Amino acid sequence: MGNKQTVFTPEQLEAYQDNPFRQRIAQVFSEDGDGHMTLDNFLDMFSVMSETAPRDLKAYYAFKIYDFNDDDYICAWDLEQTLTKLTRGELSAEEVSLVCEKVLDEADGDHDGRLSLEDFQNMILRAPDFLSTFHIRI
Amino acid sequence: MLSEGQVNEIIIEIENAPSGVQSHSSSNQTSQEKTLVDSSFSIASSISDIDARDSQIFSKRNDKKGNWLLPFSTSLNESLSQTLHSPECMGVDTPCTSYETIQAQKLIASLIPMTSRDRIKAIRNQPRTMEEKRTLRKIVDKEKSKQSHRILELDCCAQCLNSVLRAYRRSKNSLSEFLSYISPWQKTLKVIGGKFGTSVLSYFNFLRWLLKFNIFSFIVNFSFIVIPQLTVAERNTLQFTGWEILTGTDYFRDTVMFYGFYTNSTIQHGSSGAAYNMQLAYIFTIGVSFVICFFSLLFSMAKYFRNNFINPHIYSRGIAKLIFCWDFTVTHERAVKLKQKNLSTEIRENLSEICQENAKSTFSQQLTRFSAHMATLIVSTGVAIACCVAVYYLAEHNSEFLRKHPNHGAVLLLPFLVSCINLAVPRFYSMFGLVERYETPRHEVYIVLIRNIFLKISIIGILCYYWLNIVALSGEECWETLIGQEIYRLLLMDFVFSLADSFLGEFLRRIIGMQFITSLGLQEFDIARNVLELIYAQTLVWIGIFFCPLLPFIQMIALFIMFYAKNISLMMNFQPPSKAWRASQMMTFFIFLLFFPSFTGVLCTLAITIWRLKPSADCGPFRGLPFFINTIYSWIDTLSKRPTYLWVVWIYRNLIGSVHFFFILTLIVLIITYLYWQIIEGRKIMIRLLHEQIINEGKDKMFLIEKLIKLQDVEKRANPSSLILEGREMEQKGPLHLGEHDAMPDLRFRRSVQEDNSKV
């Protein structure tokens, strides 16, 4: 069996769905981190975002998706990026910073100004919808 | 970012060093190297966190999860060392490799003693690619087989057990695959979810789940009651007019649809055939189907409670939830844009609520709110009671009315009235929302639901009271069939009204909203109201199974048609919901409603019927008996005459029939409940203490970092020339310090923000 791999470009994936986080999803699940996914990466993505994946696995990957600068913490800048993608720039700058502050207030357990994986998981525990919304149907 | 720069530096070193290895798979290997370095950096940066992590709080009981972010498995390391053949490359990441091999060996060592089921679960929980998981599983299996060679060979019993367990697991997997394959409407649900989101999807999932219940009831009833009866059916001498479909009288009265048609004899074909006691079959079939429904409802409820129960003490406003729980199932482009717009509106509303909630409402405001609540409570209860009285009055005078007007339409008057009440009063209740102001949107939804369910359950309750106390004791010829027919009519009328509402009502609303009063716009799918209608219909079906065994079949067809009707109406007349609807919490509540007033009420009704009512004298399988339950008594009596079945008689007399047994059982259950309650209280205290501990650790970390900054400032001022050296040293020390370095500007920002807040 040859070593031929099928690579999905981000453009091909974009045609599949109109998710605001599509680029981040492609980056997180691709091997080289720049959005080009092999078949194995593609399967990994669908495996994690299927209905029966365990909550902690989903929380881990959701954390990675929302962590835009890949520093293993969701800091205020990451939150601003998330919010911009979610609302398509409809909120004003001060509303965005206010929201980021509120989110950090609510979710930051050890008060270090950013969300670690544990803070994120703790917050997800209080949001039982997460399992059903972090889900791509095939 | 500095870490990426680090990565790039080291990549360059790798590419320069091995000049010998110039195969076309080198890119593959360098990418593997890159990922190795990437993950090793991410590991090292979180090494400090691994120790502090207490996964016990968040992991489920069965998970033996140890470390979260895990290093490579040793096989990848081995393969790399084999392919590259150059010590310089390995030398680059030697300091990290030792960490990884230790962690990898720890992981493998922790996986080996687990049972294979737990092992599969643990491996599946790892956040790694599938390749890595497969290699991990292979290594663990190899290690385990190596180990098991040292132990004595398992005897054939254990081997048999292993193979049986494996076959069972495989068959369970294939069965679940098959079930999901034949699960209907998979594609339709995907389209609905793509356009309207998870919340509307939950209604359709609930409908599908109820359909499964009805299919099961129908199959059980059909095989054990209807088919034997059909083999000894008498000819039907009545005429078939078209009205039977709606009224259930005339032709249908003498069919397997209703209780009155069933024989009370023991069916036996031929002299040597097996005897089939129809009485016992009837009561046992219905009993068993109810028991299975009971347990499946209980387990579903428990599963939903376990996944979705929120401790109300730690419930927050939820702006973080809005941000992080984006609905990934929505795929339609327009729906996504709409959802984004709605999300920004909701975030703004949430922000204004948070800013406003700091302002305390004055006493007069609180008084007005309280009086509004009381007024609406009195009005809604009054309306519900008035409807119940009207229904009872009509039901009581129904028989006289029918005698005066013996046409088909008259029979339908009572169902018509009940369906009108069910249609109009909930909409009247929703107008209360204009007067009342609720504290949270969650309160509003729950209060609306409780009002509606109170209305529906009280109507069903009044009707049951009427049926069991008046119709059953009235001395009519075949009262069970009469009740069956009434329930059939109610169900059908409800179905007709729902269809009319879907096709006409919502269509009209769309026309009004789009053409005439354009400010209204398209309507949104009212999930609560529709789910309550489903619960109401299912309650009727459960009550009616005893009197009309084919009722699940009717409901099956009705649900099937409803699915398509609601789907078409949804696509044509509705817009996606604007507010976030907590679908999982609501589903838990709906299933609880299905269990608590609905199913338990049905069980009570059935219990009263079987234990207290006298069957009619000349129709049905229990004709002539003083009570329905006497079948069981006589069966036990016949069994006690046969020596081989004395154990059944013993169980009946001493366990089911004795009061002491139930007393002791209740006592044990109460004790266990009390113990579990105390454990929960203890865990809550533990959670609070650990939460405080986390906060304290954060404060300690900040304090130490401030000290570190101060010391470094002092050093910098003392030795400005060693500044550059220090910078390089810090870069090479590793990402642990990098992480802290990155954290410091954020911490300072955070601290200044907190100081500002405290000043304000």
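Here is the naming used below: chain letters follow the sequence lines, and residue numbers restart at 1 for every chain. Keep in mind it's a predicted model, so treat the numbers as computed, not measured.
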Review point. Taking it one step at a time, do B:Trp326 and A:Thr82 satisfy side-chain contact (heavy atoms from CB on, under 4.5 Å)?
Key: CA-CA 10 Å; B:Trp326 168 260; A:Thr82 311; over 6 Å; no
From [X] [atom1] over to [Y] [atom2], what is the distance, rounded to the nearest 0.5 angstrom?
{"X": "A:Lys85", "Y": "B:Ile323", "atom1": "NZ", "atom2": "CD1", "result": "14.5 Å"}
{"X": "A:Asp44", "Y": "B:Lys133", "atom1": "CG", "atom2": "NZ", "result": "6.5 Å"}
{"X": "B:Asp327", "Y": "A:Phe134", "atom1": "CG", "atom2": "CZ", "result": "12.0 Å"}

Which atoms of [X] are under 4.5 Å from chain B, going by heavy atoms: the side chain, the backbone, both sets, or neither?
{"X": "A:Tyr61", "answer": "side chain"}
{"X": "A:Ser132", "answer": "both"}
{"X": "A:Leu43", "answer": "both"}
{"X": "A:Phe29", "answer": "neither"}
{"X": "A:Leu131", "answer": "neither"}
{"X": "A:Phe130", "answer": "both"}
{"X": "A:Lys64", "answer": "neither"}

Practice item. Would you sort out whether A:Leu91 and B:Arg348 count as a side-chain contact (heavy atoms from CB on, under 4.5 Å), showing the intermediate values? Key: CA-CA 8 Å; A:Leu91 294 177; B:Arg348 277 205 200 101; 3.7 Å; yes
Point to revise | Stepwise side-chain contact (heavy atoms from CB on, under 4.5 Å) test for B:Met130 and A:Asp40 | key: CA-CA 7 Å; B:Met130 270 203 251; A:Asp40 278 340; 5.6 Å; no
Practice item. Look at the rings of A:Phe21 and B:Phe328 and say which category their plane angle falls in: under 30° parallel, 30 to 60° tilted, over 60° perpendicular. Key: parallel
Options [options], ranked by heavy-atom pairs under 4.5 Å with chain A, top entry:
{"options": "B:Lys699, B:Met587, B:Gln340", "result": "B:Gln340"}
{"options": "B:Ser344, B:Gly193, B:Gly197, B:Ala335", "result": "B:Ser344"}
{"options": "B:Gln693, B:Lys341, B:Lys187", "result": "B:Lys341"}

Point to revise | The single option from A:Ile65, A:Thr133, A:Ile74 passing side chain to side chain contact (heavy atoms under 4.5 Å, CB included) against B:Phe324 | key: A:Ile74
Point to revise | Atom group of B:Thr329 that falls short of 4.5 Å from chain A, counting heavy atoms | key: both
Practice item. Could you tell me which portion of B:Glu131 (side chain, backbone, both or neither) has an atom closer than 4.5 angstrom to a non-hydrogen atom of chain A? Key: side chain
Review point. Based on non-hydrogen pairs under 4.5 Å, which of A:Leu83, A:Leu79, A:Leu86 is most in contact with chain B?
Key: A:Leu86
Review point. Any sub-3.5 Å donor-acceptor pair from A:Glu95's side-chain atoms to B:Ile347's backbone N or O?
Key: no
Review point. Side-chain contact, heavy-atom cut-off 4.5 Å: B:Val336 with A:Asn19?
Key: no
**Study point:** Residue pair A:Leu57 / B:Gln126: nearest heavy atoms and the distance that separates them
**Key:** CD1-O, 3.4 Å
Point to revise | B:Glu692, CD: over 12 other non-hydrogen atoms inside 6.0 angstrom | key: yes
